Every structure is written in structure tokens, then in C-alpha cells.
Chemist: 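Starting off with a structure, shown below.
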Amino acid sequence: MYKEYKGLNLPQIDQDILKFWEEHNIFQQSVEQRPAENSFVFYEGPPSANGKPGIHHVMARTVKDLFCRFHSMKGQRVERKGGWDTHGLPIELNVEKELGITKEDIGSKISVDEYNAKCRETVMRYKDMWDNITRKMGYWVDLDNPYITFENNYIETVWWLLQQLYQKGLLYKGFTIQPFSPAAGTGLSSHELNMPGTYKDIKDISAVAQFKIKGTADEYFLAWTTTPWTLPSNTALAVGKDITYVKVRAYNRYTGQLGTVILAKDRLSHYFTEAKPELQPEEVKAGNKPIPYLEVLGEVKGHELEGMEYEQLMGYVQPEKTAFKVLIGDFVSTDDGTGIVHIAPTFGADDFRVAAKYGIPPLLVKDEEGNSGPLVDRQGRFVKEVTDFAGRYVKDYGQEEERPVDADIVIKLKEENKLFHSEKYLHSYPHCWRTDRPVLYYPLDSWFVKATAAKERMYELNKTINWKPAATGENRFGKWLENLQDWNLSRSRYWGIPLPIWRTEDAKSEKCIGSVEELRQEIEKANQALGLQQQAPKDLHRPYIDEVVLVSEDGQPMKRETDLIDVWFDSGSMPYAQWHYPFENKEVFERKFPANFIAEGVDQTRGWFYTLHAIATMVFDSVAFKNVVSNGLVLDADGNKMSKSKGNVIDPFGAIEQYGADAVRWYMMANANPWDNLKFDLNGVGEVQRKFFGTLYNTYSFFSLYANIDQFDNAAPQVPLKTRPEIDQWIISLLNSLVKDTEADYANYEPTQAARKIQSFVTDNLSNWYVRLCRRRFWKPAQQQNGQAAGMDADKLAAYQTLYECLLTVSKLIAPVSPFFADWLYQNLNSATKLESHASVHLADFPSVSGSAIDKALEQRMDYAQRISSLVFALRKKEDLRVRQPLQKIMLPVLDPSFRAQVEQVSELIASEVNVKAIEYLDDTSGVLKKRIKPNFKTLGRRLGKDMKLAAGAIAKFSQEDIANLEKAGTYTLNANGNSYELTLEDFEITAEDIPGLLVANDGPLTVALDVTLTPELEAEGMARDIVNRIQNIRKDSNFEVTDRIAVQLQGHDALNSAVRHFGDYIKAETLANSLDLRPEVPGGQEIELPGGVNVQILVSRV
RNA sequence: AGUCUCGUAGCUCAGCUGGUUAGAGCGCUACACUGAUAAUGUAGAGGUCGGCGGUUCAAGUCCGCCCGAGACUACCA
């Protein structure tokens, strides 16, 4: 027996199937039943259980899950090891918020030990919630043996990787310019800089300084800055290679001295008004306004300036090497300023980079301890070497002073004839989110991975990766690789993987530790050399690891570099660290590297995708993954980003509980490509539930209802396909085409294509055409057997077998996307027939295509049938002729013999669908067809070129006679613009447009005419059908069983007597009536309404 | 600011290597159907394919610029 249900309840199905999976270890079986040699390797990007799961996680995990399930069904072993990302700033911030502390308090109010313990505890806070959503959404991942990034084994592998990089010379210490908050005394991450409210508009004093060119009397470069306090640190100027500069003879507005200044031509009008050869110095004393100049002496391109030297602007500190040169910088623009950029390598990231490229040194001073530092200390004050301004804060840190230091610098420059111009300047400037004070870009010591060394290799390897969508890989990721910078690994934090590098005080020797065992040995060495009693810490985190002192070859103590590493390195290490490679699981790792498939959000392009790729390239000279799907964002129904503050966050649990996991999953996959942003609309989920799952459910209920009555168990031999009715062959052909397409789509990581094709098959073809047209095949013979399921003729058997096959196959096709409903459907079917031995659809194989079942000609003629039927319905509608009223015939113009052959094979089907007695074909010779001609633009366009327009006009004017002549001759000579062209029939599209005197409808090349003449015979039959319909309604209203026999008494009437006389047997057969009696009166009957305003009494009773 | 993605009906999306009346589903309106019925059919309303310019006989489709949404990177003299 097939199980029958009262209604579709997807959430209930979720629960039942979930229970079944768990009780029978279906997930485990689905993995283990496949051979390990045939692995499909998937890497799970670790989520952080520190935040709650959102609806976007359901999206990302649906993508992951469905391809894993697909490859499982394709016979591959797909192990999915889960993982947890446990380090990182968000966790630290969370802890600090809860404890009400800041970073400065760590070490004083709370020990590092306690702090880290708290982090460790917080990190799994929402693990239960994550486990729960994982389970409820049907995401199959092994959460029993996850990798966890804070575990020692994980850390040890990361250390090993770092040591590999170190040994290849890819790890170095340097300094870079990073956002730094002097008020808080800490560097800031870009994450912290992106917090709301950090950028504020502030007014600063901007200055255009005059840099005197070496060896000239009075020639200057003009460079603009909004941070005059960086001028003492200037060591270079940058110009744009292709920018045109002008040399301008002008007076200095403050000193009245004559000089030649150089600035970008485009910026001339910003600082100067007009040329005045007779200009006097008094005329330029005005404040901030542009001033006139004497003359332009000449023009010069940026690249001609390259390498020129100038005199230091403010000589407090001298550089170590040659400096004060003009460089080419690609970032130089003429949008504002002078087109010449002042370079202070210690206080700007661009500055630092371009200076390093040219070997220009930064300006540094040594403090008491001999450490080098910039001219501004970590509190944000000038160092003592900057004598005039020593000890003064460079930005507003709450100090009280007469004037900001910028103003005093400007005054000093003014006095020395080094200032060209100065004004207040409003711009947005980042502030520390914790102290609200301005951030400085400040040189900080950091450890770097020399990613630039592997840039080309990464680029090459990337080309072998299949990205979905391709553009993300080629453009977004490719561009990123092209402009790659070295990877800053250092983080001055507490909760993360410690950098395993120990150094002597003088930094002359250092060691990079690659394993716990190595650490032990080094500790032993140090204990001996230094007389210590240390042991390797049980926990590799801070603070324990910080206490470890190692010893250098020459006996010096070595201390650990206090930095932690970027958490992105944690996750990028996951292919190796999840197996604790190379310390354990060597074979496992080798089998599982690289991944066949990974998937995460696009935001991971430069995150996880990059770190996986970088580490794999640098350490293993390999890709880390071969296929990657980067999915888009999940937005709310209005296209806004979901955020807690907007209150538009969709609760994934609620959505799944209300609509069922499958409806949510299916909606997400079918609605838009995963890589496009998804506007998540719960109404859309409801629609999927109703339309797709509802239809599929209805189809199954229909099947189960009659299959149970007929006790169809699919045990009888399959009726050979070729002997089944045309429509069976057709749906099986479509089904096989669908299997083929779906498989290709899944294999190509195109879930949306697959889902849409399946959906269209189920709703349009299977349900709305096949089942609708075949309904009676399922119940009609059963009636003839007096309600007994005694037997099954070949036609009926074929119908059951066909529908069964379709449903079973569909259950497998949808299994990757909607695992619950698929399993429900599969089990309902298979547990009744027991034809397959699998307990679950997820243990079954993906259906294979029977190529011989695919018949494209058949698919085409059924398409004709559907479209012709649709045209006839439209005509009936226009003439107000109900479908139950049989009509004599339809007529089809035939211009193409193969069309006729095709339609003839489905003519019966069309006739019964649209209720006509015959189909006639009107061929050309009938002479009644009115034709329509169009040029074939594709063939003609290329040949005719410019004459195409004329030709199209001429062809449009063809008369019926012209068309006839053309068809007879087969060629046509077209003259246009003095050119002559020989055209053949290929160059035209001729269709039948009209049949004069008949009711006609068109759909593209298809034309249908309907004969609407009614004979008394036809009217009687129409009436009979209406009577059947009314009786059926009464049966249904009276809740009779579909197999109940009845007796009918009908009140006589002129309009229906003939119908009963001629079609009485038909009416009885259709309605399972043992008798149909015409009576003058029907006492106790009910009134029914028949066409033509005929109201009569009828009595239907069960016998 | 740069790079990338996207912009087609009220909504969600198709639209193949450019080819001549731009499609579907949902929603809306009307009618029909009723042995799948929270389904179905037919018809109607609804589009200057974000804007401007270019290439071409022909542009939703190719190119340039602009506008808008989003992501990432950077935050600047």
C-alpha cells in the first residue's frame, strides 16, 4: 500500500524524516557505502559559534549540502568534516564588552590567563543553536569530530606551516603603516576602522609647501598636505607619470619673494587667476584667494621630473640614505592639491610603499633604548629631536594649547619662505571607536608573509580553478592577485595563535618553531644552557607560551615575538590542520587535498578563498580547491541588507518551522543564482511550498489513491516503452531529457538551472499535461470491473508504470536540494513496491539516462499538441463555446510536410483534449490560405548589408500572388540600390496567417482554424457531457466513494431527451450509474442547471 | 576613491554566438473549468529593457560615459 495523507505538511515531513535519518544513521551510511578511493573532497569553511546563525547561513549551507549530496548519489565518498573558527577580534570584543573592560585592562584588572579562559568559554556560546540549525535545515556535516582552531593540534599544524614559510624565506619582520590610536595606545584593525561613527568631518589646516629644487636659486615644487605635522618627516615627492606640470613665475604671497613654482597644469586655475607680466609683489598679499602670476615658463611631463632632487623642507632629522627625490606614484591625481604629493613614509601607506620601491628611507630617530621610531611618539607627540615642536601633540588628544601644532608649523614655513598657501580644510577623518580621538597612520612592527613572491604562481594556479561565477575568479580574485601586497600576519592581541618565533634581545638570531616536539627540545636546550626548569606549556596560547625562553646558538636567551597571527591564517590552514598534518593522518590528508569543492559567500574572496589559495600555493605549490561557488548576500524582501538595527532579520528557525526546510532551500536555489544577491521574501517561500511541493504532493496523492485501489505494486514486468501510448513515451522522453540536463547542471555547479528545469517538468509537463490528460486511464478500467481491482489492462498498467517512474525519478533529482521531501516521496513509493533496496533516497544512485528513451521528435510534436490545444481553447473562449460542447473539426494549414506527419501522430490527443471530432489539414493546393511573408534576417542580413532595409520594405509589400510565384519558382531576384541579389526560399519565412471565412488563431508559425458549426447531434452530445458533469458533482458533494454505483432519475425536457436517448449508455458508464431514468417529475430531487437555461430535477442515489 | 557584480512588467526572474511584435511565474481584473480543487485554463491591464552617446543594415544583447544598488579593498597628499 502507498501511504495516503490528508494534506501536505512539510514541517511534519521534516521531523519524521529527520528522526528516520538519525535512527538509521543515513548520513553515515551515505558516506560509508561509497569507496574511499572514489572521493569527492569538500572543505567546510568554519563558522564562528560566537554569533547566532542567520538565514544567509542557510543559503550558504544549502549550496554546500546539495553538491555534496549530489556527488554522494553519483557514487562518490563525500566526507564532510565540520569545524569551528574560534579565534578573532569579534570574540575578544564580546568578552571585553561582557566584562566591561578594555584592552588596557588586560594584564592589570584581569590576567591574560583569565581573559583567554573567558574567550574560550564564549567562543562556543551558540554552538547549540548552530547544531540545531544544521540539523533542522538538513545540512549534512560531521559535527561529532569537528576541527577546532584553538586546539593544540590545530595550532601545531599552523606552526608547522609557518615554519615551512619561514624556511622558504617567506616570513619576515618589517614595519608598515597601520591605523593606530595614540589615545588608546593600540593599533586598529580595518574591522575596527569600519565601525559606524569612526569617520567624522573635521577641520584641519592644509598647507601647500614650497620644496626648493637642488641647484636652483628660486625654483620650487609645490606639494599640498592636510597634515602639516607630517612635513618634518618628508623624504620624497611623488608626481604622476603622465600628468603635465607647468613652471610658473610668481610672487610668494607671504614674503613677496619672486620665484618659479612647479605644479600640475590642471591645478593652475585653482591657485592662480591670470597672467600679469607687469605684476607687483603688493598685488598678491591677499589672503586665501587665487592670485595672479607673471608668466608660465614652460611645461614638463611627470616622468621628466623623476629623480630630481630638492632640499629638505624641515631639517630636524637627517635620513640614513639619499632622500628628497621626485618619484612616480600611480596614486597621484589632479583632483585636488597641486598634483605633487608630499611623501612621509612613516605616516602614510601609499607613502611607505612608493618610498620603499625607490629605496627612499623614512625619517627615524632612536629612543633611549635604541629602538628606532618615527618623529611622533606612541602618544601622538613630537619627539625631542623636532626641537621647535617637541612634546606637542600632532592631533587633538584633549590637550590645551593656544594653537594646534599644524598652525605653528605653517607659521614657521611662512617665515622661511617655504609656504605657498594655507587654508582650513574640511574632510572626513577616522577616529578611534573606543576613545573617539583621531587615528594616526603609524609605522608598526609586523611580521609579514611575503605573498608577493608567490604572486605569479598564485595567478597561474588560479586560472585552473573553476569559479562560480567565473567573473569572481577572473576579475575580483584575479585583480586582487595582480595587486597583491605582502600579508601582514601580526596582531597585537591575546586570544589567537601565537607566532612561534623567538628572538634574542638584539634580534640577531631568531628561531621559528614548527612543532611541539621541537619546542620541547629547544626548551630542554635552554634549560641546560640557562639553568632553567621550564616545561613545554600544556596550552599553546598566551600567556603560557610567552613565558618560554629559548636559547640561541651563541647562548643568548630568546623571547617570543609577542604577536599573534591573523585569524585568517587559521582558517586558511584548515586543509592541513583539520587532520593535524603532518603529525598525523598523512594518508588521509593526501587523499583529501586539494578539495574538489568549497563554497562560501563572496565576502570570503579575499578572506578564506585567498588564504586557502595563498598557503596552498606557497607551501604545496598547489591549488587548495578545484571548484568554488561564491554565493551572494541574502537581503530582505526590499533589497536591504539584513541587520539587527533595521529589524528586518529573518529568523531561520521560524522560516523553517513554518514552511519546512525544503521550501526554504528550494526557494533559495530556484529563485536566483546563488551568486546573485537574493531578496529573501517569505511569500516566495510560500509560493514554492504551494506551487512546487503542493503540485508534486498532489501528483503523488493522485497516484497513491488509484494505485491502492488497483493494488498496483509495480511487480508486473514493465510494458515496453515503444508499446505504451504516445503520451507515456513522451513524458518518459522528457523525464530522461530532464535527468540528463539536471545531472549536467549539478555537475557544473548550476543548481538554479537544475531546480528550475525540475520545477517546470513537475508542474507544467507531469502534472498539468500528463496527469491531467491521463486521469481517466487510472480510474476508467476499474469502473468497468464493477469497482473491483480485479485486473489491469496494458494501457492502465503502462500509465501506472509511467507515473511511478516519473515520481521515483523526480524524488532522486530533487534529493540534493530538498532532501526531506525527496526522501518522503521516495520512501512512500519504494516501501510499497520494494523494488530498490535503499532505505533512503540518499543511499540511492542518481538516475541514469536512458538515451534511447529520448525522442526529440516526439517532444516536438507534443509541444505542437499543447500549443494547438491552447489556440483552440482561446478560440472557444472567443466564441463562448464551452469545452464540453463537442465540435466538428479543426483545420490546420500545412506548409511543411513534416509538420503534418508530426501532428497526425498526436491528433487523437488533441481532438480529445479540445473536444473536436476531427482534424483536417489544409495544404497549399487548397488555395484558401492567406500567407504572410517575412525576410529571414539572419541569412539576408549578412549578404545584403546596407540594402537590408530596402529589401525588408520590398518583401513586406509582397502580395499573395508574389508569394505564390516565389514558392513556385523557388528563387527571387531582388533589386535594391542598383544591386541585384538572387534569393532562395531559405531567405524567407512564410507562414499561414489566415483562412478567410473561418475562426483563426496564431501562435508564431502555428495557425489553427475552428469549425464552429453545431449539428443537433453535437448539441446532444454536449448536453450529455453536461449531464455527466452535474451527476459527478452530485456524487462528489454527496461524498460517495469513487467506486460507488448509483441510480439516476432525471426530469425530462425537450432539450435533453435526445441527449439521453443517444448517449444514455455513455452517461451511465461515465458516472458508474446502473440506471438512468427519464421521468416527468422527480420527487425529492434537486435542481440542476444545464446549458440553454434548462433547469431540471435530478435524483442521484447510491445502490 | 579604486576594483568587481547587478539594473528587463507592481514583485521575483528568463532572454542562446546582435536578427525585427521582449517572455514566464506571482499579484491584479474578467470569464471558464471542477473525479488533482489552497489546483487549472483563457483573456486583459501592465515595459521609452536605469540614462545618454557610439558601432552596425539591425542593439535588451557589443563599446564608452553617467546615474542608482551592493560587495570588496583602500582611505589618501
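Fair warning: this is a prediction, and the values are worked out from it, not measured in the lab.
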Chemist: Looking at A:K691, does any N or O in its side chain come under 4.0 Å of the phosphate oxygens OP1/OP2 on B:rU40?
Modeler: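 So the side-chain polar atoms of A:K691 do come within 4.0 Å of the phosphate oxygens OP1 or OP2 of B:rU40, strictly under.
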
Chemist: Answer with yes or no after comparing the ring centroid distance for A:F420 and A:W224 against a 6.0 Å cut-off, counting only values under it.
Modeler: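 No - the distance between ring centres of A:F420 and A:W224 does not fall below the 6.0 Å cut-off.
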
Chemist: Reading RNA chain B from 5' onward, which residue's closest nucleotide shows up sooner: A:Y667 or A:D351?
Modeler: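 The residue whose closest nucleotide sits nearer the 5' end is A:Y667.
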
Chemist: For residues 945-956 of chain A, please give each side-chain donor-acceptor pair under 3.5 Å, one per line with the distance, not counting sequence neighbours.
Modeler:
residue	atom	partner	partner atom	Å
A:D947	OD1	A:N977	ND2	3.0
A:D947	OD2	A:N979	ND2	2.9
A:D947	OD2	A:Y981	OH	2.6

Chemist: Please tell me if A:S870 has a side-chain N or O lying less than 4.0 Å from either OP1 or OP2 of B:rU42.
Modeler: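 The answer is yes; a side-chain N or O of A:S870 sits under 4.0 Å from OP1 or OP2.
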
Chemist: Can you check the A:Y442 OH to B:rC75 P distance for me, whole Å?
Modeler: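 Rounded to whole Å, this separation is 17 Å.
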
Chemist: Would you say A:D987's side chain and A:L983's backbone share a donor-acceptor pair under 3.5 angstrom?
Modeler: no

Chemist: Suppose we call two aromatic rings close when their centres sit under 6.0 Å apart. Are A:F211 and A:F221 close by that rule?
Modeler: no

Chemist: Exactly one of A:N234, A:T227, A:T226 should register a side-chain hydrogen bond (donor to acceptor under 3.5 Å, both in side chains) with A:T230. Which one does?
Modeler: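 The single option meeting the side-chain hydrogen bond (donor to acceptor under 3.5 Å, both in side chains) with A:T230 is A:T227.
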
Chemist: Quick check on B:rU21: is either OP1 or OP2 less than 4.0 Å from any side-chain nitrogen or oxygen of A:K934?
Modeler: yes

Chemist: Between B:rG10 and B:rG54, how far apart are the two C1' atoms, rounded to whole Å?
Modeler: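 It comes out at 34 Å once rounded to the nearest Å.
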
Chemist: Stem list for RNA chain B, please, built from Watson-Crick and G-U wobble pairs under 3.5 Å and keeping only runs of at least 3.
Modeler: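 In RNA chain B, stems of three or more pairs: B:1-7 with B:67-73, B:10-13 with B:23-26, B:28-32 with B:40-44, B:50-54 with B:62-66.
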
Chemist: At less than 4.0 Å, is any side-chain N or O atom of A:N768 found next to OP1 or OP2 of B:rU40? Yes or no.
Modeler: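 No, because none of the side-chain N or O atoms of A:N768 sits under 4.0 Å from OP1 or OP2 of B:rU40.
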
Chemist: Applying a 4.0 Å non-hydrogen cut-off, can you work out what A:G941 is touching in the nucleic acid: base, sugar-phosphate, or nothing?
Modeler: base

Chemist: For the P atoms, the ones on B:rC16 and on B:rC62, what distance do you get once it is rounded to whole angstrom?
Modeler: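 My reading of the P atoms in B:rC16 and B:rC62 gives 9 Å.
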
Chemist: Let's see if you can work this out: which of B:rC76, B:rU17, B:rA14 has an atom nearest to the side-chain heavy atoms of A:R756?
Modeler: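 Of all the options, the side chain of A:R756 is nearest to B:rA14.
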
Chemist: With C1' as the reference atom in both, quote the distance from B:rA1 to B:rG47 in angstrom, rounded to an integer.
Modeler: 36 Å

Chemist: Look at the aromatic rings of A:Y667 and A:F680 and report parallel, tilted or perpendicular, splitting at 30° and 60°.
Modeler: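 It falls in the perpendicular class, over 60°.
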
Chemist: Which nucleotide, B:rC76, B:rU42, B:rC13, lies nearest any side-chain atom of A:K877?
Modeler: B:rU42

Chemist: Would you say A:T695 places a side-chain N or O within less than 4.0 Å of OP1 or OP2 belonging to B:rA39?
Modeler: no

Chemist: Assert yes or no for the condition that the ring centre distance of A:F778 to A:Y706 is strictly below 6.0 Å.
Modeler: no

Chemist: What verdict does the ring-ring contact (aromatic ring centres under 6.0 Å, His included) test give for A:W229 and A:F347, after you've listed the backbone C-alpha separation in whole Å, the side-chain angles of each residue and the deciding distance to 0.1 Å?
Modeler: CA-CA 10 Å; A:W229 61 268; A:F347 298 115; 4.9 Å; yes

Chemist: For RNA chain B, which residues in residues 230-238 of chain A have a heavy atom at a distance below 4.0 Å?
Modeler: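 Of all residues in residues 230-238 of chain A, none places a heavy atom under 4.0 Å from RNA chain B.
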
Chemist: On the 0 to 90° scale, with breaks at 30° and 60°, tag the A:Y442-A:F180 ring pair as parallel, tilted or perpendicular.
Modeler: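 Judged by the thresholds at 30° and 60°, the geometry between A:Y442 and A:F180 is parallel.
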
Chemist: Can you tell me if A:N683 touches the phosphate of B:rG27, counting only side-chain N or O atoms and a distance under 4.0 Å to OP1 or OP2?
Modeler: no

Chemist: Indicate whether OP1 or OP2 belonging to B:rU12 is found under 4.0 Å from a side-chain N or O atom of A:K679.
Modeler: yes

Chemist: Do the ring planes of A:F692 and A:W666 sit parallel (below 30°), tilted (30 to 60°) or perpendicular (above 60°)?
Modeler: parallel

Chemist: Can you tell me if the side-chain N/O atoms of A:N1033 get under 4.0 Å from OP1 or OP2 in B:rC33?
Modeler: no

Chemist: Give me the distance, rounded to whole Å, that separates B:rU73 from B:rC11 when you measure between the P atoms they each carry.
Modeler: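 Here B:rU73 and B:rC11 have their P atoms 32 Å from each other.
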
Chemist: Just N and O in the side chain of A:K949: are any of them under 4.0 Å from OP1 or OP2 of B:rC57?
Modeler: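 Checking A:K949 against B:rC57: no side-chain N or O falls below 4.0 Å of OP1 or OP2.
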
Chemist: Report the residue (A:L766 or A:D880) whose heavy-atom-nearest nucleotide on RNA chain B is the more 5′ of the two.
Modeler: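 Closest to the 5' end, via its nearest nucleotide, is A:D880.
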
Chemist: Roughly how far, to the nearest 0.5 Å, is CD1 of A:I868 from OG1 of A:T1007?
Modeler: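 Going from the OG1 atom of A:T1007 to the CD1 atom of A:I868 covers 10.0 Å.
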
Chemist: If the C1' atom of B:rU8 is compared with that of B:rG23, how far apart are they to the nearest Å?
Modeler: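 Per the computed distance, 10 Å lies between those C1' atoms.
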
Chemist: For the pair made of CG in A:N936 and P in B:rA58, what is the distance, rounded to whole Å?
Modeler: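 Taking CG of A:N936 and P of B:rA58, I get 18 Å after rounding.
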
